[in-house]
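Positions are given from 1, in the same order as the sequence printed here. Everything numeric here is computed off the predicted structure, so don't read it as measured data.
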Amino acid sequence: MRDWQAVYSDDQEHRVDIVKAVLDDKGMSPVKINKQVSQHGFGNFEIFVAPDHVIRAIRIIKEEIKFE
């Protein structure tokens, strides 16, 4: 996992969970990392994928997932 790259970051965990679920359904085996620095919600959660999935993951996030 050393070469994996972040493809999504958000401070709202439910959004990160949705992105993770979509990428998982596409067979990418994403990993969610909690980068919050305290229990008060400062910081983000990030989704990482393997290097060979980065471009596809970014495209899926931009084209298929909408938060409004």
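Annotation: Lys66, atom NZ; neighbour count of heavy atoms from other residues, nucleotides and ligands within 6.0 Å is above 12. Under a cut-off of 6.0 angstrom, the local environment of CD1 in Ile55 is sparse, with at most 12 non-hydrogen atoms contributed by other residues, nucleotides or ligands.
Closest of all the heavy-atom pairs between Gly43 and Asp11 is O-CB, 3.4 Å. The shortest heavy-atom contact between Lys26 and Arg56 is O-NH1, 3.3 Å. In terms of heavy-atom proximity, Ser9 sits nearest to Glu46 at OG-CG, 3.7 Å.
The hydrophobic cluster containing Val37 does not contain Val16, counting ILVMFWY residues as joined when their side-chain heavy atoms lie under 4.5 angstrom apart, directly or transitively.
Side chain of Asn34 to main chain of Phe45: no donor-acceptor pair is present (N/O by atom type, distance under 3.5 Å, no hydrogens or angles).
Screening Leu23, Val7, Val19 against Ile60 for a side chain to side chain contact (heavy atoms under 4.5 Å, CB included) leaves a single residue, Leu23.
With sequence neighbours excluded, the residues that form a side-chain contact (heavy atoms from CB on, under 4.5 Å) with Ile33 are Met1, Val31, Lys35, Phe48. Not counting sequence neighbours, the partners of Asp10 by the salt bridge (Lys or Arg N to Asp or Glu O under 4.0 Å) test are Arg15. For Ser29, the side-chain contact (heavy atoms from CB on, under 4.5 Å) test picks out no residue, with sequence neighbours left out. Ala50 meets the side-chain contact (heavy atoms from CB on, under 4.5 Å) test with Trp4, Asp52, His53; sequence neighbours excluded. Gln5 is linked by a side chain to side chain donor-acceptor pair (under 3.5 Å) to nothing, counting only residues two or more places apart in sequence or in another chain. Taking the side chain to side chain donor-acceptor pair (under 3.5 Å) definition, one finds that Lys32 meets it with Glu13, Asp17, sequence neighbours left out.
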